Amino acid sequence: MRSLLGKCLLKKYLLAAAALGLSGASQAHPVFYSNGWGVMLWNSPDKTEFYGAYTLTHRIATGIRYFGFREPGEYPKDNYTLGQLSLLLKRWNAPSSQGNIYATFAGGLRSFDDGAKKNEAAFLSEVQADWEDRRLYTLGKVSVMKSKSADAIYAAKTRVGVAPYLAEFTELNTWMILELEDTFEDGKNPSLTPYIRLFYNNFLTELGYSLDGKVKMNFMTHF
Amino acid sequence: MKKSFIIATLLFTSFNAMAEKIIIGVDGMVCSFCAQGITKKFKAEKAVSSVDVKLEDHKVTLETKSALSDDQIKSIIKDAGYSISSIVRE
């Protein structure tokens, strides 16, 4: 039921994203510059997500992706640790803007506890697109994660951000961002989260508080 | 003495001939991570003595201490994932 509903809604999201020209967060690109390293961490009460990657060329990156799902206040009991390959499928470089489409494929291990500790193969696929200039930023991402015994987890995320002022990269950049995320789970509404993003040199941090009362903290760096 | 002066003059002249200020117009360079990537790539070049990025103008200004060709610059910008709109040498 969840899978069918997820697939239908996922199609709607894709069509809406295509129609609006939305795409993945440029400042959270899975592929950086050649020989560049990156670390990203997303944290909310029910999920921790980590991505550490090395970019081989400006079109290909390999890395490790981790998802830890948990009940609020507990340690993650459902963990996905995956090797990831990300591809920059298309980039549009304009004088004052940039747009991208990325595809990600990952495979690895799901470790979980349903009375006994178990491990099984797990896979993830994502498509992300983005467009931004120095004042506006949009992101759209759809993903599906599947392991042998669990229902597929579908997720869609859309973001729109505005910079209240323009700053150089050696100065503090600030963004106000609105994020809509849906995991298509029965009885669970999409989560709307306003964020404030602070960006200085190669460090980026985001602090959000969703309308359903969850504190979210994200961190990214490239080096 | 005269010989030393001539050699010093020649060295100084040839050094100045290689040292340049290069202003590069870069398309797609809109965020701090973009600027950081481009800065890192140019700083890894022995010919480059300083890099200054201005996001507002979409420009990267290099001070060089030895020759850096247009092809090298294009390759570095492409490796960082961006496109060149102009190269001006001063």
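Only a predicted model underlies this, so the values are computations on that prediction, with no experimental measurement involved. Chain letters run A, B, ... following the sequence lines, proteins first and then strands; every chain starts at 1.
A:Ser96 contributes atom OG, which lies 12.0 Å from atom CG of B:Leu55 (distance to the nearest 0.5 angstrom). Between atom CG of residue A:Asn93 and atom NZ of residue B:Lys78 there is a gap of 12.0 Å, rounded to the nearest 0.5 Å. The structure places OH of A:Tyr33 at 4.0 Å from NZ of B:Lys40, a figure rounded to the nearest 0.5 Å.
For a residue to count as touching a neighbouring chain, one of its non-hydrogen atoms must lie under 4.5 Å from one of that chain's; by this rule B:Lys54 touches chain A with backbone and side chain alike. Heavy-atom distances place both the backbone and the side chain of A:Asn202 under 4.5 Å from chain B. Proximity to chain B (any heavy atom under 4.5 Å) is shown, for A:Thr55, by neither the backbone nor the side chain. No part of A:Ala163 comes within reach of chain B, as not one of its non-hydrogen atoms sits under 4.5 angstrom from that chain.
Contact annotation: the side chain of A:His29 never approaches that of B:Phe33 to less than 4.5 Å [non-hydrogen atoms, C-beta and beyond]. The side-chain heavy atoms of A:Arg91 and B:Ser83, taken from C-beta on, include no pair separated by under 4.5 Å.
Taking both residues in full, the closest heavy atoms of A:His58 and B:Asp79 are given as CB-O, 3.3 Å, listed atom of the first, atom of the second, then distance. Shortest non-hydrogen contact noted between B:Ser32 and A:Phe199 is CB-CE2, 3.4 Å. The two residues B:Val30 and A:Arg134 make their nearest non-hydrogen contact at O-CG, 3.4 Å.
The contact list for residues 44-53 of chain B toward chain A, using heavy atoms and a distance under 4.5 Å, reads B:Val53 by residue number.
The most heavy-atom pairs under 4.5 Å with chain B, out of A:Ser97, A:Ala167, A:Gly38, come from A:Ser97.
For A:Tyr165, the OH atom sits in a packed shell: over 12 heavy atoms of surrounding residues, nucleotides or ligands are nearer than 6.0 Å.
Judged by distance alone, with hydrogens and angles left aside, the side-chain atoms of B:Glu56 form no donor-acceptor pair with the main-chain N or O of A:Glu168 at under 3.5 Å. Side-chain atoms of A:Gln98 do not come within 3.5 Å of backbone N or O of B:Met29 as any donor-acceptor pair.
Scored by the salt bridge (charged side-chain N to carboxylate O under 4.0 Å, His left out) test, A:Glu49 finds A:Lys47, A:Arg65 as partners (sequence neighbours excluded).
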